[in-house]
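A quick write-up on the structure given underneath.
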Amino acid sequence: MKSFVGACVIILLSISYLIGLLLFKREDSKKLYSFVESLGLIYFVLLIIFYIFPSCIDFLGNNYNLIQSYFYLFLMILLGIFIVKTVIYFLPKKNKILDSLNSSYVLLFIISALLLFIEGVFIYNYKSNYLNLFLLSVQLFIYNSFLGVIFVGNLKKHKFELIKCFKYLSFVSVFGLIGYLLSFNSNFLYKNSLFMGSLCGVFIGILSYLIIEVYIFYFRENSESNAKTLGLVVGGVLMLLFNLL
């Protein structure tokens, strides 16, 4: 029964990415993109602080003391940044600014896939009762919905059609089931705390690069100040509220 419920939860979490499609059905809006970019900036910062970083330290704490854990985390963050730089190196080059912005949807694709993979592993190995599982699922559903909005907004900004956005999101959603099924067949992923800690550390590195090189640049250059401020406030308040679940 637990396995069936967990599988249903992962499917729902994957579908939550599609919520972003509802926001961008109409004409493109510069203010809407500014709002979403600001939402993305605060979302990723708080995601690291409240979700990924604590999980990473918990996993690494099973293998190292606190100082060693932070040092190892630092190395994994550098590895994540190196992976990003390697991926971007092989992307088509135009100029520095366009390259930075055009690479953001590739990074979002990687981030979405990794996040769903980690969620799949977490959900299968979640040991608490069904009420706590429900609350965790609601929290992750909100996280994924935010990311779905950010993902689709970025794709639409680069003139992707909705049907193409749907295909990308559908492909990304598979990674949650992959993480879940790998845990179903073997608890190696979750029990191997060094692997999970390393994966979370690399994830933080990728997120950090996206925040610094893409979103902060866009936030500084975009002129829609009211939409930017609203995105920061709404994203920050909602993330803080849902982390109280």
query = Where do Tyr51 and Leu46 land on the side-chain contact (heavy atoms from CB on, under 4.5 Å) test, with the steps shown first?
reply = CA-CA 8 Å; Tyr51 183 34; Leu46 295 181; over 6 Å; no
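- A distance of 6.0 Å separates CG in Leu115 from CG in Leu47, rounded to the nearest 0.5 Å.
- For Cys56 against Gly197, the heavy-atom pair with the smallest separation is SG-O, 3.3 Å.
- Of the options Val84, Ile206, Val202, a side-chain contact (heavy atoms from CB on, under 4.5 Å) to Leu79 is made by Val202 and by none of the others.
- Applying the side chain to side chain donor-acceptor pair (under 3.5 Å) test to Ser69 and every residue at least two apart in sequence or in another chain returns nothing.
- Separating the CD1 atom in Ile81 from the CG atom in Leu207 is a distance of 11.0 Å, to the nearest 0.5 Å.
- Of all heavy-atom pairs spanning Leu39 and Gly235, the tightest one is CD1-CA, 3.2 Å.
- Contact of the Phe59 side chain with the Leu194 side chain is not registered, since no non-hydrogen atoms from C-beta on lie closer than 4.5 Å.
- Between Tyr70 and Ile57 there is a side-chain heavy-atom pair separated by less than 4.5 Å.
- Placement of Phe53 and Ile67 in two distinct hydrophobic clusters is found when ILVMFWY residues are connected by side-chain heavy-atom separations under 4.5 Å, directly or transitively.
- The ring pair (Phe, Tyr, Trp, His ring centres under 6.0 Å) search around Tyr64 returns Tyr72, not counting sequence neighbours.
- Remark: Ile49 CD1 to Ile204 CD1 distance equals 10.5 Å, nearest 0.5 Å.
- When each of Ile48, Ile77, Ile52 is paired with Phe203, the side-chain contact (heavy atoms from CB on, under 4.5 Å) condition holds for Ile52 and for no other.
- The same ILVMFWY cluster, assembled from side-chain heavy atoms under 4.5 Å apart, contains both Leu66 and Leu73.
- Remark: Phe44 pairs with Tyr215 by the ring pair (Phe, Tyr, Trp, His ring centres under 6.0 Å) rule, at least two apart or across chains.
- Using a 4.5 Å heavy-atom cutoff, the side chains of Tyr43 and Leu238 are not in contact.
- The CD1 atom of Ile150 sits 11.0 Å away from the CG atom of Asn144 when rounded to the nearest 0.5 Å.
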